[in-house]
Number of protein chains: 2
Amino acid sequence: MSKGDETRHAILTEATAVAAKVGLTGMTIGQLAAHTGMSKSGLYAHFASKEALQIEILRHTRERFVDQVVRPALQAPRGVARLRVLFDAWVTWSETSADGGCLFVAACSELDDQPGPVRDALVRDEHDWLEMIVTVAGTAVSEGEFREDLDLEQFAYELHALTLAHQHSSRLLRDPKALERVRRAFDSLITHAA
Amino acid sequence: MSKGDETRHAILTEATAVAAKVGLTGMTIGQLAAHTGMSKSGLYAHFASKEALQIEILRHTRERFVDQVVRPALQAPRGVARLRVLFDAWVTWSETSADGGCLFVAACSELDDQPGPVRDALVRDEHDWLEMIVTVAGTAVSEGEFREDLDLEQFAYELHALTLAHQHSSRLLRDPKALERVRRAFDSLITHAA
DNA sequence: CCAGTTATAGCACGGTCGTTCTTTTCTGTC
DNA sequence: GACAGAAAAGAACGACCGTGCTATAACTGG
């Protein structure tokens, strides 16, 4: 990896952390330059525009998300076990990927009324994520652990709701019981799908 | 109501709509002045600072929330019926209160890592809202419609999760089935609490 | 209707925004 | 170690930010 790619990568990693805290829009080039110890123009030279940087941040985050959440799940045995790993990996991700929690969750309510390519990219990512949940839950159906007539998309909707709720209770309310809450809700979801 | 109070009220109403779209931080005084047809300084004279304006926006939204969501529920008969009215009123609220959906939901992920008085006010509001759900669900327990050993706070957590999910599916994903999804999830929640 | 208050506009401020251009410094190759 | 090319810094741009101050316009109670 050349020097340029190296710093570019470092910038994106730092930018992801900043964006998770202050938002993709709230994040500024100057702020980012200060955080990375670079000059504003030196940093900016790596990207075509702020919007391009925002999209790159999403792409970079997506890659790490696949590594840390999706891949572990695909290595687990099909069915509820895989679903558990997927969920646990997400919880871990939301606590460790950035100081501000899961960037995707934060970006969702920030961009939901801001049309443009950044929003479009995020919507694609969210659809992929929901589809991933549907697929994994589907393995639980075909393994006979979930009932045959389970509405998989409804299940994914409700599971996804828990991730949003967890960010809320853990990051906004700082509820010490946040982890316990989301785990119980997940278990209840699994139970009623059987 | 004097002239001053009148325009102040109009500003807050407009500001609520703008903030629901671009966020409490993303909203700017100039933008707001343009929207209301006032000069920047004329508008600004009604508030001590931008931060004070943000807090006033929350207060103003809270008042309308009580009118449109809480009050109707309290007029409904105790128990599940009241819970249904509360939930339906919230769904209506999220669709009609502002173009950007429920301001509180939007503010939650925007402010979850931004310490300060605005965040503090929001946290208080969210706690009150969760407590409201707990109280109403409690009436369903004492009416014998919900089981005696139901964990009310867990119930409130899961119901609140649905409001977050609805904002996500309806505003970000623009899912035509959003309403149906959240209704089904709500019914399932009610069923399993009985 | 007038006086006194209140509401609004105009203007300016230091600062930061995203962005561009030019110049300097560094990196990798023969 | 010189040289070409890439990477970073410096300086500047117009625009807009939040926030004051000052003057004018609009309201309101007597």
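Proteins get letters first, then strands, A, B, ... in listed order; numbering begins at 1 in each. Atom set for the values below is all heavy atoms of this structure, side chains included, hydrogens, waters and symmetry mates excluded.
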If each of A:M1 and B:G37 is mapped to the nucleotide of DNA chain C with the nearest heavy atom, which maps nearer the 5' terminus, i.e. the 5' end?
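The residue mapped nearer the 5' terminus is B:G37.
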(Q) Nearest heavy atom decides the nucleotide; on that basis, is A:S41 or A:Q31 closer to the 5' end of DNA chain C? (A)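 Checking each residue's closest nucleotide, the 5'-ward one belongs to A:Q31.
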How many whole angstroms separate atom [atom1] of [X] from atom [atom2] of [N]?
X     : N      : atom1 : atom2 : value
B:M38 : D:dT24 : CE    : P     : 19 Å
A:D5  : C:dC26 : CG    : C1'   : 16 Å
A:E6  : C:dT27 : CD    : P     : 10 Å
B:L32 : D:dT19 : CG    : P     : 13 Å
B:Y44 : C:dA7  : OH    : P     : 17 Å
B:E51 : D:dC17 : CD    : P     : 18 Å
A:L53 : C:dG18 : CG    : P     : 10 Å
A:I29 : D:dA12 : CD1   : P     : 21 Å

* To do: Would you mind classifying the nucleic acid contact of A:T28 as base, sugar-phosphate or nothing, using non-hydrogen atoms under 4.0 angstrom?
  =>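 Here A:T28 touches the backbone only, sparing every base.
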*asked:* Within the 4.0 Å heavy-atom criterion, would you say B:A45 contacts the bases, only the backbone, or no part of the nucleic acid?
replied: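 Base contact - B:A45 has a heavy atom under 4.0 Å of at least one base atom.
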So that I can tick it off, tell me whether [Y] and [X] are bridged by a salt bridge, with the cut-off set at under 4.0 angstrom between side-chain N and carboxylate O.
X      : Y      : value
B:E180 : B:R183 : no
B:D187 : B:R84  : yes
B:D175 : B:K177 : no

Could you measure the distance from the CD atom of B:E95 to the CZ atom of B:R171? Nearest 0.5 Å is fine.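 So the gap between those two atoms works out to 9.0 Å.
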Using OP1 and OP2 only, check whether a side-chain N or O of [X] sits under 4.0 Å from [N].
X     : N      : answer
A:K3  : D:dA7  : no
B:H46 : C:dT8  : yes
A:K40 : C:dT20 : no

Nearest listed nucleotide, side chain of B:K50, among D:dA7, C:dT19, D:dG18: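 Of D:dA7, C:dT19, D:dG18, D:dG18 is nearest to the side chain of B:K50.
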Next on the checklist: Which is more 5' along DNA chain D, the nucleotide nearest A:T7 or the one nearest B:G30? Just name the residue.
Outcome noted: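 Nearest-nucleotide comparison on DNA chain D picks A:T7.
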For residues 96-111 of chain A, dump all side-chain donor-acceptor pairs below 3.5 Å to protein atoms at least two apart in sequence or in another chain.
| residue | atom | partner | partner atom | Å |
| --- | --- | --- | --- | --- |
| A:T96 | OG1 | A:T92 | O | 2.8 |
| A:S97 | OG | A:W93 | O | 3.0 |
| A:S109 | OG | B:S109 | OG | 2.1 |
| A:E110 | OE1 | A:L24 | N | 2.9 |
| A:E110 | OE2 | A:L24 | N | 3.2 |
| A:E110 | OE2 | A:T25 | N | 2.7 |
| A:E110 | OE2 | A:T25 | OG1 | 2.8 |

